[in-house]
There are 2 protein chains.
Amino acid sequence: MTEADRKTWQAVQDEVRRYISARIWKPGELIPHEAELALQFGCARATVNRALRGLAEAGLLERRRKAGTRVALNPVRRAAFSIPIIREEIESTGQRYGYKVFLREMRVPPPDVQARLQLSGADKILHLQTLYTADNRPYVFETRWINSIAVPDVLNADFDMLSPNEWLVREVAFDGGDFTVSGVAATREEAAVLACKPGEGLLVLERTTRQGDNMITAVRLLFHPGYRMHTRC
Amino acid sequence: MTEADRKTWQAVQDEVRRYISARIWKPGELIPHEAELALQFGCARATVNRALRGLAEAGLLERRRKAGTRVALNPVRRAAFSIPIIREEIESTGQRYGYKVFLREMRVPPPDVQARLQLSGADKILHLQTLYTADNRPYVFETRWINSIAVPDVLNADFDMLSPNEWLVREVAFDGGDFTVSGVAATREEAAVLACKPGEGLLVLERTTRQGDNMITAVRLLFHPGYRMHTRC
DNA sequence: CAGATTATTATGTACGCACATAAACACAAA
DNA sequence: TTTGTGTTTATGTGCGTACATAATAATCTG
């Protein structure tokens with residue numbers, strides 16, 4: 001090695017983590033400023049900056065110009081769940097992925113969907129209901145509305161080879177949206193589709209996707225009983 | 001202004017976003033390398049690097065040394081849900097925060113909790129059940145196990161002023177853990193506590209917290225009916 | 001021609017410097 | 001006392017250079 005102990009920004013980050021973890025720098029407390037830490041660690045200020053910026057993004061530190069950097073009072077607050085891509089999720093567990101489009105129609109969506117898609121009046125748009133399966137057992141039931149006014153091509157798509165989601169990912173560039181997670185009890189119809197008992201508790205993921213100013217699609221994913229969304233941090 | 005059009009890394013990032021969004025650079029495609037982009041945008045390579053690194057972290061680009069940078073095939077939709085801090089969440093909506101410790105006992109936890117806390121044999125640890133309220137209406141029911149072997153001080157804590165969570169945040173430095181989200185139907189007992197009907201669908205957030213190699217606490221938060229965890233991206 | 005070796009190349013990171021910017025602070029004027 | 005107005009200071013960012021590193025491409029070798 002050219003230099004035995006050249007400080008990388010990761011090394012600085014680890015060191016700072018230790019200081020926080022060991023409560024040498026206590027929650028809410030101001031820590032030394034970048035220039036001083038650079039001197040202490042024997043590296044450039046840019047390196048310290050990189051390290052601290054990362055920790056701030058992770059929510060461990062709070063930084064404000066002139067005010068300085070302090071240890072966050074309530075550390076672990078945000079956890080990044082990676083939104084599952086159904087196909088990958090199923091295939092990664094070695095199960096066989098499949099899906100079946102139950103329903104495909106043009107219809108005026110219910111008011112909540114109208115609002116989410118920013119539709120006016122009585123526009124009919126594409127409505128799809130799809131069941132995704134893992135080894136032929138129900139995995140997740142998808143109810144999807146596609147703004148076919150913004151994406152007219154979708155009307156010509158057949159979803160034999162590509163699921164609605166995969167078709168959209170391929171054909172449309174998304175640049176944002178929102179997610180909502182909640183819990184519901186299965187209705188009789190939902191229970192029938194998911195092959196479970198009515199009233200079972202299920203996880204619901206709702207998701208709206210946008211391209212520029214156009215709202216493209218609104219989805220509701222109803223997962224099979226026992227499904228858990230998991231993440232470390 | 002000193003210089004009208006000095007390129008910031010954010011400007012570069014926006015530009016690249018537009019290229020991707022407009023499908024000038026298509027999914028899976030290789031984009032020009034940093035040096036070339038720097039030349040194009042009229043800025044330093046470090047600036048381009050910063051911009052592209054950010055987009056890669058966001059899942060929009062995939063970068064590998066020597067291989068270059070390409071537009072991600074399936075923009076990895078990872079959503080950073082901010083784990084709710086109950087008190088803040090309630091008070092931010094203008095409601096009155098309150099809580100009541102229902103149960104406090106030493107007990108051998110069930111096997112799943114034993115596993116999550118890496119406890120051996122028949123260790124008795126602290127078990128708490130707390131109901132958090134918003135304007136006196138049930139908000140979330142917390143079932144918490146605290147590894148009182150690793151945190152003996154907790155046995156002397158009274159939870160009159162500080163909720164168990166707040167006590168822990170103040171007294172113990174966490175540095176990691178994991179989260180699980182799922183949906184369940186309310187049992188009769190849970191329905192009684194949350195003042196809802198048995199069988200209603202509820203969101204459950206489970207969370208384990210670690211300090212170094214010690215597992216500190218395992219919590220199960222059972223939210224009131226209609227609760228939604230929400231995020232934009 | 002397969003397999004090992006070496007060159008090439010794009011990203012990753014460090015440094016030192018300069019200046020921009022936000023915010024806390026001190027001080028002066030109304 | 002309040003309201004401006006400057007000053008100070010810590011972070012934020014940009015630049016150019018240098019070198020590290022990983023992975024591909026090219027070349028040599030048995």
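Naming convention: chains lettered A, B, ... in sequence-line order (proteins, then strands); numbering from 1 in each chain.
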Handout entry: Partner residues of Arg50(B) under the salt bridge (charged side-chain N to carboxylate O under 4.0 Å, His left out) criterion, sequence neighbours left out
Key =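 Listed in chain order: nothing, the list is empty.
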
Problem - Set of salt bridge (charged side-chain N to carboxylate O under 4.0 Å, His left out) partners for Arg232(A), sequence neighbours left out - result: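 Only Asp178(B) meet the salt bridge (charged side-chain N to carboxylate O under 4.0 Å, His left out) criterion with Arg232(A).
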
We want to know whether [X] and [Y] form a side-chain donor-acceptor pair, criterion being a heavy-atom distance below 3.5 angstrom.
X	Y	result
Gln10(A)	Thr8(A)	no
Glu88(B)	Asn74(A)	yes
Glu89(A)	Tyr132(A)	no

Problem - Minimum-distance pair of heavy atoms, taken over all atoms of Leu117(A) and Met215(A) - result: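 Residues Leu117(A) and Met215(A), closest heavy atoms: O-CB, 3.5 Å.
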
Practice task
Locate the shortest heavy-atom distance separating Thr130(B) from Pro164(B); write the atom from each residue and the value.
Solution key: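 Minimum heavy-atom separation between Thr130(B) and Pro164(B): OG1-CG, 3.9 Å.
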
Exercise for the section: Mind checking the CZ-CG spacing from Arg63(B) to Asn49(B)? Nearest 0.5 Å is all I need. Expected result: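 Those atoms lie 5.5 Å apart.
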
Atom-pair distance ([atom1] on [X]; [atom2] on [N]), nearest Å:
X	N	atom1	atom2	answer
Arg70(A)	dA23(C)	CZ	P	14 Å
Trp9(A)	dT11(C)	CH2	C1'	14 Å
Lys7(A)	dC19(D)	NZ	P	22 Å
Ile31(A)	dT11(D)	CD1	C1'	12 Å
Leu37(B)	dA10(C)	CG	P	12 Å
Gln13(A)	dA14(C)	CD	P	11 Å
Leu39(B)	dG16(D)	CG	P	11 Å
Glu36(B)	dT11(C)	CD	P	10 Å

Exercise for the section: Enumerate the residue pairs fulfilling ring-ring contact (aromatic ring centres under 6.0 Å, His included) with a member in residues 24-47 of chain A, sequence neighbours excluded, ordered by first and then second residue. Expected result: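 Matches after skipping sequence neighbours: Tyr19(A)-Trp25(A).
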
Exercise for the section: May I ask you to test the Leu55(B)-Val16(B) pair for a side-chain heavy-atom distance under 4.5 Å? Expected result: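 SC-SC contact between Leu55(B) and Val16(B) confirmed.
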
Handout entry: Neighbours of DNA chain D within residues 43-52 of chain A, by heavy-atom distance under 4.0 Å
Key =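 Nucleic-acid contacts, sorted: Arg45(A), Asn49(A).
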
Exercise for the section: Determine, step by step, whether His224(A) and Arg137(A) satisfy the side-chain contact (heavy atoms from CB on, under 4.5 Å) criterion, reporting the C-alpha distance in whole Å, the side-chain angles of both residues, the deciding distance to 0.1 Å, and the verdict. Expected result: CA-CA 9 Å; His224(A) 67 86; Arg137(A) 283 170 321 166; over 6 Å; no

Practice task
Mark up nucleotides 4-10 of chain D, 5' to 3', with B wherever a protein heavy atom is under 4.0 angstrom from a base atom, S wherever such an atom reaches only the sugar-phosphate, and - elsewhere.
Solution key: -----BB

Practice task
Examine dT13(C): is either OP1 or OP2 under 4.0 Å from a nitrogen or oxygen in the side chain of Gln10(A)? Give yes or no.
Solution key: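 For dT13(C), OP1 or OP2 has a side-chain N or O of Gln10(A) closer than 4.0 Å.
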
Problem - End-to-end axis angle, where each axis spans five pairs of the helix from dC1(C)-dG30(D) to dA30(C)-dT1(D), to 10° - result: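 The angle, to the nearest 10 degrees, is 10°.
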
